[in-house]
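What follows is a short report on a single structure.
In what follows, chains carry the letters A, B, and so on, assigned in the order in which the sequence lines appear, proteins first and then strands, with residues in each chain numbered from 1.
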There are 2 protein chains.
Amino acid sequence: MKRYIPEDTIKRLPVYLRNLLNLKKEGKFLASSKEITVPLNIPPEQFRKDLSYFGQFGKRGVGYDVNNLINILEKIIGIDKEIKVILVGVGRLGSALIRYKGFSILNMKIVYAFDIDPQKIGKIVDGIEIKNIGEMEEIVKKEKIDVGIICVPANNAQEIANLMVNSGIKAILNFAPVVLNLPKDIFVSYVDMASELGSLIFKLKNL
Amino acid sequence: MKRYIPEDTIKRLPVYLRNLLNLKKEGKFLASSKEITVPLNIPPEQFRKDLSYFGQFGKRGVGYDVNNLINILEKIIGIDKEIKVILVGVGRLGSALIRYKGFSILNMKIVYAFDIDPQKIGKIVDGIEIKNIGEMEEIVKKEKIDVGIICVPANNAQEIANLMVNSGIKAILNFAPVVLNLPKDIFVSYVDMASELGSLIFKLKNL
DNA sequence: CCTTGTGAAAACTTTCACAGCT
DNA sequence: AGCTGTGAAAGTTTTCACAAGG
């Protein structure tokens, strides 16, 4: 399967965007590929090549209009309008994510949170009422939400993922340390903190 | 710079290990590369190739001894003995990580946590006393700890990273959404949840 | 006949180097 | 003169396909 856009390019787009938002906050209106990428430890030609998959957005001899490029990247990524996200599993990690401010910078917002524990249901976390997992399907369908975050323990993650797919969720960010088995039209990403730390220790010990 | 072990191979090692630990718990003593990798959505030849960078651990026509391979992978990764880790920034996310059970499966343990907020210093989270960041250097040096997790806000992350490096930390897992500028003998990994979610949304909207 | 281990080929990604516009 | 945009080259990773061993 030949892909138009390299996977690694896709991963860098939100990083570029966040950095451009920082430049904007610093009052920059114009920036060269070098200025944009040096603080990211990415070579400028990587940035230019990445952008080239989508069009030509700079001015030769000049650089990039910061505000314009922010708008363009938001459109490319698909976050020019706020994206609604649901979260399932309001444990320690889940509630930390609900309160995490980093999502809103990229125009993404956790709008509903669900749990199975009656002790948690009804409580408010950062303005979000925790709802019974049984209500998820109806809400997701009614609100046409297609992005979900899984924060339940590993042994419940597959079950929750199935429920999400049945409800119409099309993209899942999974924090449970388990690989999910899903239809191939569903997009999944994994945040695997223990593996990440393990890889780091490997490098420390071996390289 | 030619590399012995591909970066992606390194990332998969802890994943293999965790899956083998699951197989062991299920009572499996022997497993083929196929049995090991199918639940991970990884082709069996990838697994065999990955292992081949380190040696020959299977029996042709038979498969792999689960317990033996667990020991081997733990040694390869460098977690055959428990690895001590420190954490800085005991906010919502930081305390969730202190309580996270997923690290111990891979023999890693957060043994000290630090913060700058006097309100937090002295409190106990999951058996770990939160200490003043000023005590970090001495403790890290005395205990010869070389892995640290950064969970502070983006604007403090570089400062904490510098402090870690001065204290002798050699590997950093950074949860702050900012790229760190560090000496090149320091290993860094990033867990960038918002970017991960952003990439997922890109795929959803574009692919 | 099953499954591993691995060179070689294919696929993919980054880096180079320079043409082209301002 | 300076910076972008991009084919082509170099580098890296995955997949193929099969020899070798139980």
Side-chain angles (χ1 to χ4, degrees), chain A residues 1-13 15-16 19-20 23 28-70 72-73 76 179 199 202-203 206-207, chain B residues 1-13 15-16 19-20 23 28-70 72-73 76 179 199 202-203 206-207:
Chain A
M1 170 183 50
K2 166 74 186 129
R3 225 221 252 61
Y4 274 113
I5 318 290
E7 178 69 25
D8 310 65
T9 296
I10 296 171
K11 292 268 188 186
R12 283 186 294 263
L13 296 175
V15 178
Y16 295 146
N19 193 233
L20 284 159
L23 289 173
K28 270 258 173 209
F29 287 99
L30 198 70
S32 67
S33 57
K34 203 173 165 183
E35 290 177 283
I36 293 168
T37 59
V38 159
L40 302 175
N41 289 335
I42 291 172
E45 56 272 34
Q46 177 92 266
F47 171 77
R48 300 202 301 274
K49 180 65 118 184
D50 285 343
L51 282 189
S52 79
Y53 291 107
F54 305 101
Q56 305 183 173
F57 308 113
K59 274 199 172 50
R60 297 177 192 224
V62 182
Y64 299 86
D65 180 305
V66 172
N67 287 295
N68 184 235
L69 195 50
I70 286 170
I72 286 164
L73 275 172
I76 289 172
V179 176
S199 308
F202 171 88
K203 291 183 202 171
N206 295 274
L207 309 183
Chain B
M1 171 182 50
K2 166 74 185 132
R3 224 220 254 60
Y4 273 114
I5 317 289
E7 178 68 26
D8 310 66
T9 295
I10 296 171
K11 292 267 188 188
R12 284 186 293 262
L13 295 175
V15 178
Y16 295 147
N19 194 232
L20 283 159
L23 288 173
K28 269 258 173 209
F29 287 98
L30 198 70
S32 68
S33 57
K34 203 172 164 184
E35 288 177 286
I36 293 167
T37 59
V38 159
L40 302 175
N41 287 334
I42 292 172
E45 55 272 33
Q46 177 93 265
F47 171 76
R48 300 202 302 272
K49 181 63 120 184
D50 285 342
L51 282 188
S52 78
Y53 292 107
F54 304 101
Q56 305 183 174
F57 308 113
K59 275 199 172 50
R60 296 177 193 227
V62 181
Y64 299 86
D65 179 306
V66 173
N67 287 296
N68 184 236
L69 196 51
I70 287 170
I72 285 165
L73 276 172
I76 289 172
V179 176
S199 308
F202 171 87
K203 291 184 203 171
N206 294 276
L207 309 183

Do B/Tyr64 and B/Tyr16 have ring centres separated by under 6.0 Å? no
Tell me whether A/Tyr53 at atom OH has more than 12 heavy atoms from other residues, nucleotides or ligands lying less than 6.0 Å away. yes
To the nearest angstrom, how far is B/Glu7 atom CD from D/dG11 atom P? 19 Å
C/dG5 C1' sits how many Å from B/Ile72 CD1, rounded? 15 Å
For DNA chain C, which residues in residues 40-55 of chain B have a heavy atom at a distance below 4.0 Å? B/Arg48, B/Lys49, B/Ser52
Who passes side chain to side chain donor-acceptor pair (under 3.5 Å) against A/Lys28, sequence neighbours left out? A/Glu35
Side chain to side chain contact (heavy atoms under 4.5 Å, CB included) with A/Asn19: which of A/Thr37, A/Val38, A/Ile36, A/Ile42? A/Ile36
Return the CZ to OG1 distance between A/Phe202 and B/Thr9, rounded to the nearest 0.5 Å. 9.0 Å
Separation between CG (B/Asn68) and CG (B/Leu20), nearest 0.5 Å, reads 10.5 Å
Any side-chain heavy-atom pair of B/Phe57 and B/Leu73 under 4.5 Å: no
Nearest-angstrom distance from the residue atom CD1 of A/Ile5 to C1' of C/dA11: 17 Å
Measure across A/Asp65 and A/Asn67 and return the closest heavy-atom pair with its distance rounded to 0.1 Å. OD1-N, 3.1 Å
With sequence neighbours left out, the residues meeting side chain to side chain donor-acceptor pair (under 3.5 Å) with B/Asn41 are none
For DNA chain D, the residues among residues 56-70 of chain A that have a non-hydrogen atom under 4.0 Å from it: A/Gln56, A/Phe57, A/Gly58, A/Lys59, A/Arg60, A/Gly61, A/Val62, A/Gly63, A/Tyr64
Are A/Arg12 and C/dT14 close enough that a side-chain N or O sits under 4.0 Å from OP1 or OP2? yes
Between A/Lys11 (NZ) and C/dT14 (P), how many Å, whole number? 13 Å
From CD (B/Gln56) to CG (B/Leu51), nearest 0.5 Å: 10.5 Å
Contact list for DNA chain C against residues 28-36 of chain A - heavy-atom distance below 4.0 Å: none
Which salt bridge (charged side-chain N to carboxylate O under 4.0 Å, His left out) pairs, counting each pair once, include a residue from residues 36-63 of chain A, with sequence neighbours left out? A/Arg12-A/Asp50
